[in-house]
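One structure is given here, and the rest of the page talks about it.
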Number of protein chains: 2
Amino acid sequence: MGNTPPVGRKVTLSDIAAGCDVSRATVSLVLRGSPLVNKHTRARVEEELLRQGYVYNRAAANLRRRTSSSIALVLNDLANPFFAEFAAGVDEILGNTGFVTLLGSTSESTERELAVLGSLMEHGPAGIILSPAESSDAQQILAAVGSHTPLLLFNREVGGDIAACDHWDRLFLDNQHGARLATEHLIAQGHQRIAFYGGHLSSSSCRQRRAGYTESMQKAGLPVQPNWMVECIPNRLDAVAQCDQLFSGTAAPTAAVCYNDAVALGLMLGLHKRGLQPGRDFALTGFDDIAEAAVSAPPLTTLAVTPRARGRQAAELILQRLQEPSSSPRQTIVPVQLLVRASSCAPHVA
Amino acid sequence: MGNTPPVGRKVTLSDIAAGCDVSRATVSLVLRGSPLVNKHTRARVEEELLRQGYVYNRAAANLRRRTSSSIALVLNDLANPFFAEFAAGVDEILGNTGFVTLLGSTSESTERELAVLGSLMEHGPAGIILSPAESSDAQQILAAVGSHTPLLLFNREVGGDIAACDHWDRLFLDNQHGARLATEHLIAQGHQRIAFYGGHLSSSSCRQRRAGYTESMQKAGLPVQPNWMVECIPNRLDAVAQCDQLFSGTAAPTAAVCYNDAVALGLMLGLHKRGLQPGRDFALTGFDDIAEAAVSAPPLTTLAVTPRARGRQAAELILQRLQEPSSSPRQTIVPVQLLVRASSCAPHVA
DNA sequence: CCTTGCGTTTGGAACGATCCAAATTTACCT
DNA sequence: AGGTAAATTTGGATCGTTCCAAACGCAAGG
C-alpha cells in the first residue's frame with residue numbers, strides 16, 4: 001500500500017484520489033472542507049494529502065470556476081516610503097483574505113504603466129489598485145484594463161477624458177483641506193508672508209495643495225508674491241537646490257507650506273545654508289508625516305496621512321467592490337490630520 | 001458580418017476563431033507569432049483580436065504548458081526603504097522579462113511568513129525570492145515551499161538545519177567586511193574607544209557586522225568594553241532611547257559603528273540630547289546609505305549597498321536558475337562601499 | 001492520373017481543478 | 001424484509017489554452 005508520489009511532476013488531485021481509492025470529486029470536496037464527505041473518508045484523504053505533499057493548484061481551480069484570487073497593485077513609485085507603506089497595508093489585508101498581490105511598479109513612466117497593466121491583465125486579476133503616473137491618460141488606461149475589471153484609483157486623478165472612467169472607485173487624500181489646515185496654522189502663529197514650496201504642477205495632488213493654500217491666504221486677506229510659489233522635484237535634493245528662489249524677490253517670506261515632508265526637510269537644509277535656523281528664524285510645515293518628520297531637527301509640523309492605513313483601506317474598498325460589482329462608484333476622500341511640532345514657530349522678531 | 005463580443009464573459013480564443021472562421025489552433029498559433037500561419041489568415045485573425053478586445057489568459061496557457069510566469073517575492077519588511085528599493089529593482093527586471101511579481105510581506109513574523117509562502121505556492125510561482133524574518137526556520141520554510149521551486153535567499157541566513165537547504169541560492173551583503181571598513185576608518189581617524197551600536201543579535205546581519213567590528217578592534221589591539229556593545233530595535237526611535245547605555249560605564253566611547261543608518265540617525269539625536277554634537281564631539285558611521293544619510297546634519301558616513309541594484313541582481317539570479325535548474329547552487333556575496341562623510345570626524349580634543 | 005512534397009490548417013485530447021446530476025450506500029421506520 | 005429518505009460518492013463534461021498527429025489544398029514531377 002501507499003504508492004510513491006510522482007517524480008518530475010507536481011502532485012495532483014488525481015494522484016491523491018488514486019492513492020486512497022476515491023474519486024477526484026471526493027478529494028476536491030475534502031480540499032474545500034465540504035460537510036458532505038464522511039469523517040473517515042476525509043481522514044484517509046487528508047493523510048494521503050500530507051503523505052504525498054500535495055499543493056493546491058489555484059490557477060486550475062480559478063480557470064474552472066471562472067474566478068480570480070489576485071489583485072493587481074500598480075504604483076508609480078514603490079521606492080517612495082509613502083507607497084511602500086501603502087503597499088504593505090494593501091498586502092496585509094489581501095493576505096488575510098486569501099488574495100495574492102500582483103505587484104507592478106511604473107517609475108512614473110506612462111509607457112511602462114500601460115505595459116505593466118497589460119501584462120498583469122493577462123493574469124486575470126479580480127481587481128486593480130492603481131496609483132497612476134503623473135501624466136497618465138484615462139483613455140489609454142481604460143483601453144489597457146477593459147471595463148470588466150474593477151479599478152480603484154489611488155492618490156491621484158488621471159488626465160484626459162475622465163468622464164469615460166467615472167465607473168472607477170477613487171481613494172484620495174484631502175489635499176486641499178490639509179494645505180488649508182497648515183496655512184491657517186501658520187497664519188494663527190502670526191505669519192503674513194507665507195510661501196508654498198515644492199512639487200510639480202503636473203500632479204493633481206500638488207494643484208490641490210496649492211489650491212488649499214491659496215484659499216486660506218485669500219480668506220485671510222493676505223497677498224501672495226509670485227516668487228513664493230516655487231516648483232521643484234518632490235525630493236530632498238532638489239528642494240535644497242531651489243531654496244534661494246524663495247528669497248529672490250523683495251519681500252522674503254517668513255514661513256512656507258511645503259508640498260511634502262521630503263521637500264520640507266530639504267528646505268530646512270537650504271535654510272541652514274543661508275544661515276537661517278528653521279523653527280526659529282523661519283517656520284515651515286510638511287505633508288505625509290514620514291518617519292523622520294518626528295525626529296528631524298527641529299521636529300517637523302506636518303499632515304499625517306497614515307499610508308499604511310490607506311493601503312488597508314484601499315484593499316478593503318476593492319474587496320467591497322468585488323462583493324457588489326454593480327453598486328454605484330464611490331469616491332472616498334480621507335481627512336488628514338495636522339501634527340504641530342517645533343518647526344512651525346511664531347515669526348522671529350529681529 | 002462581425003458578430004458582437006460575448007456579454008457577461010471574457011473573450012476567448014474560441015470567440016476569435018468563430019469570429020473569423022478558423023480553428024482555435026490557428027488563432028493560438030497567431031497569438032504566439034508562429035511562422036506557420038499564412039500572411040492573410042494572420043491579418044484576419046489579428047483584426048478580429050482587436051475588434052473583440054481579446055485578452056490572453058496566461059493562467060490557462062500555463063496550465064496546459066505546465067509552465068509558470070510568476071516569481072514570488074517575500075519580504076520581511078516592505079515598509080523599510082531598503083526593501084522597498086529592493087522590490088522596485090526586482091520588479092524592474094521581472095517586468096521586462098514577462099514575469100509578474102507575486103508580492104508577500106511578512107512583517108518579521110515567522111507565522112505569517114509560512115502562511116504567505118503557502119498561499120503564494122498555490123499560485124505556482126516559477127521561483128521565490130525570500131528575505132526571511134529574523135527567526136525563520138530552514139525546515140519549516142522548506143516544508144512550505146517544497147524542493148521543486150528554486151529559492152533565492154536574500155540578505156539573511158535562516159536558522160535551524162541549514163544543511164537541508166543547501167540547494168538554495170544565496171545573495172548576501174558583505175556585512176562583515178563592511179563593518180571592518182567602518183571600524184578601520186574610525187581607527188585611522190585616531191579613535192580608540194569605539195562602540196558597536198544597535199541591532200538585534202538574533203539577526204544574522206547584525207552578528208556579521210559585529211564580527212567585522214570585533215575583528216578590526218582585535219587586529220588593532222584595542223579593547224572593547226561590555227557597555228560599548230548595545231543592542232536596540234533597528235529603528236530610529238529605539239536608537240534614541242538606548243543612547244545612554246553607551247555612557248553608563250567608566251570609559252565613554254568617542255565613536256560608534258552603528259548597525260545601520262536608521263540607528264545612526266537615532267543615535268545622533270540621542271547625542272544631541274546629551275549635549276554632544278555628532279561629527280564634532282562624537283564620530284559615527286551607519287550602514288545602508290539610505291536617502292537621508294547624505295543630507296542629515298552632519299551628513300552620515302556609511303556603507304552603500306545599493307538596494308535597487310541588489311533587487312535587479314536577485315531577479316537576474318533567479319532567472320538564471322530557471323535557465324539551468326540543476327547547476328550547483330550559488331552563493332553571492334556583494335561588496336559594500338564605504339562613503340566617508342562628515343559624521344566620522346577625528347576625536348575631539350577637550 | 002497518381003504520387004510526392006510543401007505550406008497551412010485542424011480536430012481532439014490534454015493540463016488540474018470544479019460542477020452537476022445521477023448512482024450508490026447507509027440509516028431508519030413500519 | 002421492504003420501502004423510503006438521507007448521507008455519501010462518483011463519472012463525465014467543462015474552464016481557455018496548447019500540443020500533436022493527421023488532413024487538407026495545391027503545384028510539380030513522373
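From a predicted model like this one, the values you see are computed outputs, not experimental measurements. No hydrogens, no waters, no symmetry mates; every other heavy atom, side chains included, goes into these values. Below, chains carry the letters A, B, ... as their sequence lines are ordered, and counting in each starts from 1.
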Is there a donor in the side chain of [X] and an acceptor in the side chain of [Y], or the other way round, less than 3.5 Å apart?
X: B/Asn96; Y: A/Arg112; result: yes
X: B/Thr26; Y: B/Ser23; result: yes
X: B/Ser136; Y: B/Glu113; result: yes
X: B/Ser69; Y: B/Asn62; result: yes

Find the distance [X]:[atom1] to [N]:[atom2] and express it as a whole number of Å.
X: B/Arg44; N: C/dT8; atom1: CZ; atom2: P; answer: 14 Å
X: B/Asp21; N: C/dT9; atom1: CG; atom2: C1'; answer: 12 Å
X: A/Leu13; N: D/dT10; atom1: CG; atom2: P; answer: 12 Å
X: A/Gln52; N: C/dG16; atom1: CD; atom2: C1'; answer: 15 Å
X: B/His40; N: C/dT9; atom1: NE2; atom2: C1'; answer: 16 Å
X: B/Leu31; N: D/dT18; atom1: CG; atom2: P; answer: 7 Å
X: B/Leu29; N: C/dG7; atom1: CG; atom2: P; answer: 16 Å
X: A/Ile16; N: C/dG16; atom1: CD1; atom2: P; answer: 13 Å

Is the phosphate of [N] approached by [X] (side-chain N or O, under 4.0 Å from OP1 or OP2)?
X: A/Arg32; N: C/dT18; answer: yes
X: A/Ser28; N: C/dC19; answer: no
X: A/Ser14; N: C/dG16; answer: no
X: B/Ser23; N: C/dT10; answer: yes

Q.
Which is more 5' along DNA chain D, the nucleotide nearest A/Asn38 or the one nearest A/Arg24? Just name the residue.
A.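 By nearest-heavy-atom nucleotide position, the 5'-most residue is A/Asn38.
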Q: Take A/Leu153 and A/Phe172 through the side-chain contact (heavy atoms from CB on, under 4.5 Å) test and state the conclusion after the steps.
A: CA-CA 8 Å; A/Leu153 207 59; A/Phe172 293 145; 4.3 Å; yes
Q.
Roughly what angle, to 10°, lies between the helix axis at the start of the helix from C/dC1-D/dG30 to C/dT30-D/dA1 and the one at its end, five pairs per end?
A.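 End-to-end axis angle for the helix from C/dC1-D/dG30 to C/dT30-D/dA1: 70°, rounded to 10°.
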Q. Base, sugar-phosphate alone, or nothing: which one does A/Thr12 contact when heavy atoms must sit under 4.0 Å apart?
A.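 The answer is sugar-phosphate, as A/Thr12 gets under 4.0 Å only of primed atoms, P, OP1 or OP2.
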Q) What distance separates A/Asn155 CG from A/Phe83 CZ, expressed to the nearest 0.5 Å? A)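 It is 4.5 Å, given to the nearest 0.5 Å.
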Q) side chain to side chain contact (heavy atoms under 4.5 Å, CB included) with B/Arg170: which of B/Glu157, B/Arg156, B/Arg330? A)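 Single side chain to side chain contact (heavy atoms under 4.5 Å, CB included) partner of B/Arg170 among B/Glu157, B/Arg156, B/Arg330: B/Glu157.
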Q.
Just to be sure I understand the geometry, which residues of residues 61-68 of chain A put a non-hydrogen atom under 4.0 Å away from DNA chain D?
A.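 Heavy-atom cutoff 4.0 Å gives A/Leu63, A/Arg64, A/Arg66.
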Q) Between D/dG16, C/dT10, D/dT10, which one does the side chain of B/Ala60 approach most closely? A)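 Selected nucleotide (nearest to the side chain): D/dG16.
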Q: When you get a sec, tell me which of C/dT8, C/dG11, D/dG16 is the closest nucleotide to the side chain of B/Ala25?
A: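 Within the option list, the nearest is C/dG11.
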Q) If every non-hydrogen atom of B/Asp15 is compared with every non-hydrogen atom of B/Lys10, which pair is closest and at what distance? A)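 Shortest heavy-atom separation between B/Asp15 and B/Lys10 comes out as OD2-O, 3.8 Å.
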Q. At their closest point, which heavy atom of B/Phe99 faces which heavy atom of B/Ser70, and how far apart are they?
A.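 That closest heavy-atom pairing would be CD2-N, 3.7 Å.
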Q. DNA chain C: A/Tyr56 or B/Leu36, which has the more 5' nearest nucleotide?
A.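 Going by which nucleotide is closer to the 5' end, it is B/Leu36.
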Q) Got B/Ile128 and B/Met121 here, is their nearest side-chain heavy-atom distance under 4.5 Å? A)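 Touching, per the 4.5 Å side-chain cut-off.
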